[in-house]
Protein chains: 2
Amino acid sequence: MRQDLKSARTRDLLLDAAADVVRDVGAAKLSLDRVAHAAGVSKGGLLYHYPTKQALIAAMLDRTLARADHQLHQLADQNDRTSGSFAQAYLDYVRSGQPDELDSATGIFASAALDDGDLGPAQAQFSTWQNRLIDEDGIDPTLALLARVVGDGLWLIDLFGLAPPTKEQRGLLIDLIEDLLPEP
Amino acid sequence: MRQDLKSARTRDLLLDAAADVVRDVGAAKLSLDRVAHAAGVSKGGLLYHYPTKQALIAAMLDRTLARADHQLHQLADQNDRTSGSFAQAYLDYVRSGQPDELDSATGIFASAALDDGDLGPAQAQFSTWQNRLIDEDGIDPTLALLARVVGDGLWLIDLFGLAPPTKEQRGLLIDLIEDLLPEP
DNA sequence: TTTACTGTACCGACTAGACGGTTTTTACAC
DNA sequence: GTGTAAAAACCGTCTAGTCGGTACAGTAAA
């Protein structure tokens, strides 16, 4: 239906705007007025789609997690390994550095920082990834955990800007871990 | 001077209370009234010591970083290695899991989440640690970076509760990395 | 007629910070 | 030691403003 398409487009636009606001002025100054204005939509229009601020933030988080999950699975399918393909994907995901991961981070960040801060969906998603790595990736669980912790570590270090390593340092680190993984 | 002692005690008390508030109700609901009430002090009294909310948060962050830095150096002095003692300390710091690291995290978390979110001091501190690991620890820089990223990764995963690994998994992971480090 | 909005006005709750006043502690003269 | 004046530490209220959410009347399109 055209309405649904248009509606979905506006809803995505609103999430984009909310992510922009978080990136530009910080999660604490994420207000409905600001998001509506950034999206070129009236406050009433925003509330038509997301009736509460909590709903808006939950949607940001959902989209963030869905996108990351999709990209991880795509990366896992691309590399032709008999085992460790998900661990490999985890490393591939953070190899290059900060492309739009910062954008992706805003969902989690906003949800964590804001009022209720329901990180439940994020915790569930990370738990799923962790299980997939540990139980179903066919490699030593400790190696899988290593890939996961390094991946998440680099990603979170980038998110907060806590002295992120250079691209070269990052590349060497990931090379080192890939050498530990069994042959494809 | 006695004033200084008493004053310092109250200031510490206020920082403790602020950390409690962040832990109990979340960083977004950290208000001056709440902190003052939690500390058993009036709002005016709080503002006497920390004239703005920003100053209070900055002080939380400072104390958090100073404590972590102190503990890291203490751990580094304890282990008798000719090289890699700081990397070893980094791993020791996160081996056990969440003792009071969550408490330690509140400073960074609150600062990041709240209004201005000046993470400058934290970024500087992490940068100092990173340099110390890479340049002065006498081991392969990539191994040093590995210890750092795994340490920070586990710590940040704990902070957000993003499917933290069990104590056993954590122990095996750190054992694996310690095996990679050169003999003491 | 339904969907998808716009635009404005408004309410109640909350909050940072200012401010004037009060108690406690310290410094020092005697 | 004692009195005392000043400084430090602290109290409680008030103000100005923000923000989430509601309400509602209207509009354009399908």
Side-chain angles (χ1 to χ4, degrees), chain A residues 1-22 24-61 106 109-118, chain B residues 1-22 24-61 110-118:
Chain A
M1 313 305 169
R2 190 119 76 222
Q3 307 116 305
D4 288 357
L5 277 180
K6 180 161 189 200
S7 175
R9 218 179 303 144
T10 301
R11 289 168 65 89
D12 252 353
L13 195 89
L14 289 166
L15 296 184
D16 290 340
D20 287 346
V21 169
V22 172
D24 293 345
V25 303
K29 297 202 173 180
L30 176 74
S31 68
L32 298 182
D33 277 320
R34 232 182 273 258
V35 172
H37 185 261
V41 164
S42 71
K43 189 179 177 181
L46 165 58
L47 285 166
Y48 176 79
H49 290 289
Y50 300 106
T52 66
K53 187 181 181 182
Q54 187 175 343
L56 173 67
I57 293 171
M60 289 174 71
L61 182 57
T106 53
F109 192 29
S111 176
L114 266 295
D115 306 277
D116 48 15
D118 183 11
Chain B
M1 305 308 171
R2 192 119 78 223
Q3 316 114 298
D4 289 354
L5 276 180
K6 177 152 192 208
S7 174
R9 218 179 302 143
T10 302
R11 289 168 64 89
D12 251 354
L13 196 90
L14 289 167
L15 294 185
D16 290 340
D20 287 345
V21 169
V22 171
D24 293 344
V25 303
K29 297 200 172 181
L30 175 74
S31 70
L32 297 183
D33 274 321
R34 235 183 267 258
V35 172
H37 185 260
V41 164
S42 73
K43 188 176 178 181
L46 164 59
L47 284 168
Y48 175 80
H49 290 290
Y50 300 105
T52 65
K53 188 180 180 183
Q54 186 175 343
L56 173 70
I57 294 170
M60 289 175 70
L61 182 57
S111 176
L114 266 295
D115 305 277
D116 49 14
D118 184 11

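To find a chain, count down the sequence lines: A is the first, B the second, and so on, and within it residues start at 1.
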Chemist: Compare all side-chain heavy atoms of A:Val22 with those of A:Met60 and state whether any distance is below 4.5 angstrom.
Modeler: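 Heavy-atom side-chain distance check passes, below 4.5 Å.
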Chemist: Provide, to the nearest angstrom, the distance between the CG atom belonging to A:Asp33 and the C1' atom belonging to D:dG20.
Modeler: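 The distance from CG of A:Asp33 to C1' of D:dG20 comes to 9 Å, rounded to the nearest Å.
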Chemist: Between B:Arg11 and D:dA9, does any side-chain N or O lie under 4.0 Å from OP1 or OP2?
Modeler: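 False: B:Arg11 side-chain N/O out of range (4.0 Å or more) of D:dA9 OP1/OP2.
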Chemist: What's the OH-C1' distance between A:Tyr50 and D:dG21, to the nearest Å?
Modeler: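 Rounding to the nearest Å, OH of A:Tyr50 and C1' of D:dG21 are 18 Å apart.
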Chemist: Is any side-chain heavy atom of B:Leu32 closer than 4.5 Å to a side-chain heavy atom of B:Tyr50?
Modeler: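 No; the side chains remain at least 4.5 Å from each other.
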Chemist: Would you say B:Thr10 reaches D:dC10's phosphate, i.e. side-chain N/O to OP1/OP2 under 4.0 Å?
Modeler: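 Yes, within the criterion.
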Chemist: Checking all strands, does A:Ser42 fall into the base, sugar-phosphate, or nothing category for heavy-atom contacts under 4.0 angstrom?
Modeler: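 Base contact - A:Ser42 has a heavy atom under 4.0 Å of at least one base atom.
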Chemist: Tell me: CZ of B:Arg34 to C1' of C:dT15, nearest whole Å?
Modeler: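 Value for this atom pair: 11 Å.
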Chemist: In this structure, how many angstroms lie between the P atom of C:dT6 and the CG atom of A:Leu13, rounded?
Modeler: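 Value for this atom pair: 10 Å.
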Chemist: Do B:Val25 and B:Leu30 have side chains that approach each other closer than 4.5 Å (heavy atoms only, starting at C-beta)?
Modeler: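 Sidechains of B:Leu30 and B:Val25: no contact.
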Chemist: Without decimals, in angstroms, what is the distance between B:Lys29 NZ and C:dA16 P?
Modeler: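 One finds 13 Å between P of C:dA16 and NZ of B:Lys29, rounded.
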Chemist: Could you state the NE2-P distance from A:His37 to C:dG7, rounded to the nearest angstrom?
Modeler: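 Computing the A:His37:NE2 to C:dG7:P distance gives 11 Å.
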Chemist: Please tell me if the side chains of B:Lys43 and B:Leu47 come closer than 4.5 Å, counting only heavy atoms from C-beta onward.
Modeler: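 Answer yes - side chains close enough.
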Chemist: Is B:Lys43 near enough to D:dG12 that one of its side-chain N or O atoms lies under 4.0 angstrom from OP1 or OP2?
Modeler: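 The answer is no; no side-chain N or O of B:Lys43 sits under 4.0 Å from OP1 or OP2.
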Chemist: Taking OP1 and OP2 of D:dA9, is either one under 4.0 Å from a side-chain nitrogen or oxygen of B:Tyr48?
Modeler: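 So the side chain of B:Tyr48 is within the cut-off, an N or O lying under 4.0 Å from OP1 or OP2 of D:dA9.
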Chemist: What is the distance from CG of B:Leu32 to P of D:dT13, rounded to the nearest Å?
Modeler: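 Distance check: B:Leu32 CG to D:dT13 P gives 17 Å.
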Chemist: Between A:His49 and C:dC5, is there a side-chain N or O to OP1/OP2 distance below 4.0 Å?
Modeler: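 Looking at the OP1 and OP2 atoms of C:dC5, one of them is under 4.0 Å from a side-chain N or O of A:His49.
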Chemist: What's the shortest heavy-atom distance between A:Ala39 and A:Leu14, and which atoms?
Modeler: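 Looks like CB-CD2, 3.6 Å.
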Chemist: Using a 4.0 Å heavy-atom cut-off, does A:Leu47 contact any base of the nucleic acid, only the sugar-phosphate backbone, or nothing at all?
Modeler: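 Counting heavy atoms under 4.0 Å across all strands, the contact made by A:Leu47 includes a base.
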Chemist: Nearest whole Å is fine: how far is D:dA9 P from B:Arg9 CZ?
Modeler: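 To the nearest whole Å, that distance equals 12 Å.
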Chemist: Please pick, from D:dC11, D:dG20, C:dG17, the nucleotide with the shortest atom-to-atom distance to any side-chain atom of B:Val41.
Modeler: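 Looking only at side-chain atoms, B:Val41 lies closest to D:dC11.
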